[in-house]
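Each ligand, and each atom within it, is numbered from 1 in the order the structure gives.
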Amino acid sequence: MDSDRWWKNTMIYQIYPRSYYDTTGNGIGDLVGIISKLDYIKEMGFETIWFSPFFDSPQADFGYDVSDYYQAAPEYGTQDDIFLLIEEVHKRNLKVVFDLVLNHTSDQHSWFLESRSGLDNPRRDWYIWRDGKGKKAPNNWKALPGGSGWHYDKTTDQWYYASFLPFQPDLNFRNSQVKKAMLDMVKFWLDKGVDGFRLDIFHSVFKDEKFRINPPSRHFLPHNDEAGFFQEYKYTVNQPETLAFAREIRELIMSYRPERFLLGEIFASDEVKRDYLGQNQDGLNLVFLWDLPDARVTATDLRKVIEKYETNFQDPYLPVYVLGNHDRKRVLSRVGGNINLAKLLAVLIFTVRGIPVTYYGEEIGMMEGNSPIKTCLDPVGQRYKNVPSFLLNALDLYVNRDGCRTPMQWDPGKNAGFSETDGKLWMPLASNYLEQNVEKLESNSGSILSLYKDLLRLRKSSPVLITGDLKLLETPADVLAYEREIPGEKIGIFLNFSESNKCIELKGSVDRILNSIHPDEIISDKIYLPPYGFAVIQYK
Ligand code: GLC
């Protein structure tokens with residue numbers, strides 16, 4: 001593997017800085033805290049760390065509302081701490097990925113304060129301002145979390161547009177000064193050594209220049225972010241200019257060595273996602289795929305996901321395998337607390353062809369916290385607080401994101417070892433911390449944490465798991481199986497998603513067992529998988 005293209009075989013760990021480790025005793029995680037835990041991440045075997053935003057921000061959306069792209073939020077540290085973080089990550093031979101919120105700023109960013117101050121302000125055009133239609137919004141464009149995307153501002157009797165929440169006004173990337181200011185900021189961090197960027201709601205960056213109205217849709221529930229609330233987002237997402245912008249940023253990062261990379265948060269069909277990557281691989285390097293975190297955890301449905309990823313993102317494209325993130329229900333809660341299923345999913349993401357991304361806490365089986373929607377901190381949840389929970393559950397709408405953002409569970413002691421504070425944590429702990437914490441799981445060779453370490457080690461040492469072709473196998477019901485192959489080497493992966501024993505006849509004979517739940521139960525050309533058992537084998 002070309003070492004310059006390290007991002008093609010990396011394994012990514014996502015940190016939500018507010019919840020990782022608090023060293024100042026204020027109940028909020030911080031940058032020095034993250035630095036003190038880098039060895040933990042290194043020892044697990046991850047190679048790249050993506051940090052959700054820690055930039056200065058009023059924290060109305062916990063950092064996805066940036067008020068200064070060059071400074072750290074004071075509760076997280078200083079700009080020097082950011083530099084130190086980059087240095088300390090690199091010292092350990094790991095890569096740093098920042099979260100880049102290009103689409104919008106906070107409404108407290110000085111640019112927006114200036115922009116909204118008057119029609120003649122030089123920064124007026126830095127955001128998207130329009131006259132209303134009488135007393136109504138300029139057009140029918142909806143925000144992604146629902147409601148109109150337009151917000152009336154009485155100072156100038158005009159409306160500004162926000163793809164997400166009202167306090168996150170969209171920048172106007174058609175203004176060349178805006179584009180320059182943002183790309184200068186990107187260069188600043190590239191020059192400081194940042195190895196890649198996760199691009200926040202990148203599909204929204206450009207909106208239709210003519211402000212044409214979005215057509216109706218039969219989808220009420222948000223559908224892939226391409227439609228929702230009975231509207232097709234035809235003119236508000238995935239515009240041709242956004243695709244061109246992807247290529248422009250790629251061109252910028254291509255002048256840096258070793259290579260840097262762009263990982264886009266895109267909601268679109270696989271075809272459009274491929275367009276973002278570019279036919280000549282000259283767009284974004286990678287895009288998130290959401291079929292896996294949306295799928296039911298059964299052999300049949302997971303097989304369909306792999307099939308879809310393999311069909312639509314064939315080599316040289318690379319699928320990205322995520323189980324969760326800071327916007328989604330914790331994977332262990334999604335599978336009803338069944339740790340065996342969480343383990344099988346871990347085996348899956350580290351043995352398929354693609355880039356695995358792990359959200360902090362998945363490696364220790366963290367569950368959803370219990371934050372009632374009525375009092376939740378998440379601004380999206382607050383919008384839905386009057387909708388009865390049973391309805392949200394019935395519609396399978398995850399709108400209160402507090403639950404997946406609880407503090408990291410380091411040990412069974414005070415505050416789960418996350419903070420020394422005697423006061424309140426910014427977010428209460430999830431209740432399973434006494435059992436599921438780093439200290440406890442580290443000393444247990446059968447734990448999910450030990451499995452993660454084994455899988456990371458296995459993947460790192462097996463070129464076939466990184467570059468090998470993937471072939472799905474025919475199996476008994478409830479078993480998912482596939483092979484990975486490069487010339488001269490073949491590995492088989494067998495996962496039993498059921499509560500019964502399964503026997504699988506192999507088409508070749510086993511040379512070595514690389515990992516399994518019951519290593520003794522593999523005899524020559526047959527595999528006996530216990531309930532929720534798995535085996536990763538090397539063929540002769
Ligand atoms: C992305 C982020 C989410 C944030 C939103 C607005 O979807 O992942 O956490 O609230 O964008 O920036």
Side-chain angles (χ1 to χ4, degrees), residues 12 14-19 50-69 73 97-109 112 127-128 142-147 149 151 160-171 173 182 197-205 207 222-226 228 233 236-238 242 262-268 273 276 284 286-290 293-294 320 322-330 357-360 371 376-384 397-406 426-427:
I12 304 177
Q14 181 194 351
I15 288 186
Y16 196 68
R18 212 170 179 78
S19 287
W50 148 35
F51 302 94
S52 282
F54 41 65
F55 299 107
D56 205 2
S57 158
Q59 307 292 343
D61 190 15
F62 299 108
Y64 286 94
D65 50 326
V66 180
S67 54
D68 187 336
Y69 290 86
V97 173
F98 278 11
D99 206 318
L100 204 59
V101 188
L102 292 175
N103 180 70
H104 50 264
T105 65
S106 155
D107 63 356
Q108 299 306 306
H109 194 295
F112 188 70
Y127 293 83
I128 301 170
K142 294 245 158 83
L144 297 174
H151 307 285
Y160 68 88
Y161 186 70
S163 295
F164 212 69
L165 293 170
F167 55 80
Q168 292 161 312
D170 280 24
L171 282 162
F173 275 85
M182 291 308 258
F197 297 100
R198 177 255 185 195
L199 303 176
D200 188 64
I201 56 167
F202 190 72
H203 64 313
S204 293
V205 166
K207 274 65 59 179
H223 179 73
N224 231 348
D225 264 15
E226 289 180 301
Y233 300 152
T236 38
V237 300
N238 300 319
T242 314
L262 303 170
L263 167 54
E265 186 195 28
I266 305 285
F267 293 87
K273 285 188 178 181
Y276 275 101
L284 305 180
L286 299 164
V287 289
F288 282 112
L289 306 178
W290 309 117
D294 285 344
V320 175
V322 282
L323 298 175
N325 64 24
H326 61 289
D327 297 328
R328 289 173 180 266
K329 196 188 242 181
R330 284 262 174 207
V357 185
T358 294
Y359 180 50
Y360 84 95
S371 153
C376 74
L377 302 178
D378 177 17
V380 175
Q382 285 166 10
R383 293 197 125 194
Y384 288 85
L397 272 183
Y398 186 70
V399 290
N400 172 8
R401 301 172 296 176
D402 283 9
C404 64
R405 299 172 173 180
T406 59
W426 85 276
M427 177 74 76

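Of all the heavy atoms of Y64, the ones lying under 4.0 Å from any atom of ligand 1 are found in both the backbone and the side chain.
Within ligand 1, the atoms closer than 4.0 Å to a non-hydrogen atom of R401 are 3 (C), 4 (C), 9 (O), 10 (O), numbered from 1 in the order shown. The distance from ligand 1 to the heavy atoms of H326 drops below 4.0 Å at these ligand atoms: 2 (C), 3 (C), 8 (O), 9 (O). Atoms of ligand 1 lying under 4.0 Å from any heavy atom of R198, numbered from 1 in the order shown and given with element: 2 (C), 8 (O). Applying the 4.0 Å criterion to heavy atoms of R405 picks out, from ligand 1, the atoms 9 (O). Those atoms of ligand 1 that come under 4.0 Å of a heavy atom in H104, given as number and element, are 6 (C), 12 (O). Under a 4.0 Å criterion applied to the non-hydrogen atoms of I201, ligand 1 contributes the atoms 1 (C), 7 (O), 11 (O).
When all heavy atoms are compared, the tightest approach of S57 to D65 is OG-O, 2.8 Å. Summarising the geometry of D170 relative to Y127, their closest heavy-atom pair is O-CD2, 3.3 Å, with the distance given to 0.1 Å.
In this structure, the side chains of L144 and Y233 come closer than 4.5 Å at one or more pairs of heavy atoms.
Under the 3.5 Å distance criterion, with hydrogens and angles disregarded, no donor-acceptor pair is assigned to the side chains of N325 and Q14. Residues Y64 and H326 bring a donor and an acceptor atom of their side chains to less than 3.5 Å of each other.
Under a 4.0 Å N-O distance rule, the pair R405/D327 qualifies as a salt bridge.
The protein heavy-atom contact nearest to atom 9 (O) of ligand 1 is D327 OD1, 2.7 Å.
Heavy-atom separations between R328 and ligand 1 are all 4.0 Å or longer.
Judged by a 6.0 Å distance limit and a 45° cone about the ring axis, R330 is positioned over the six-membered ring of Y360.
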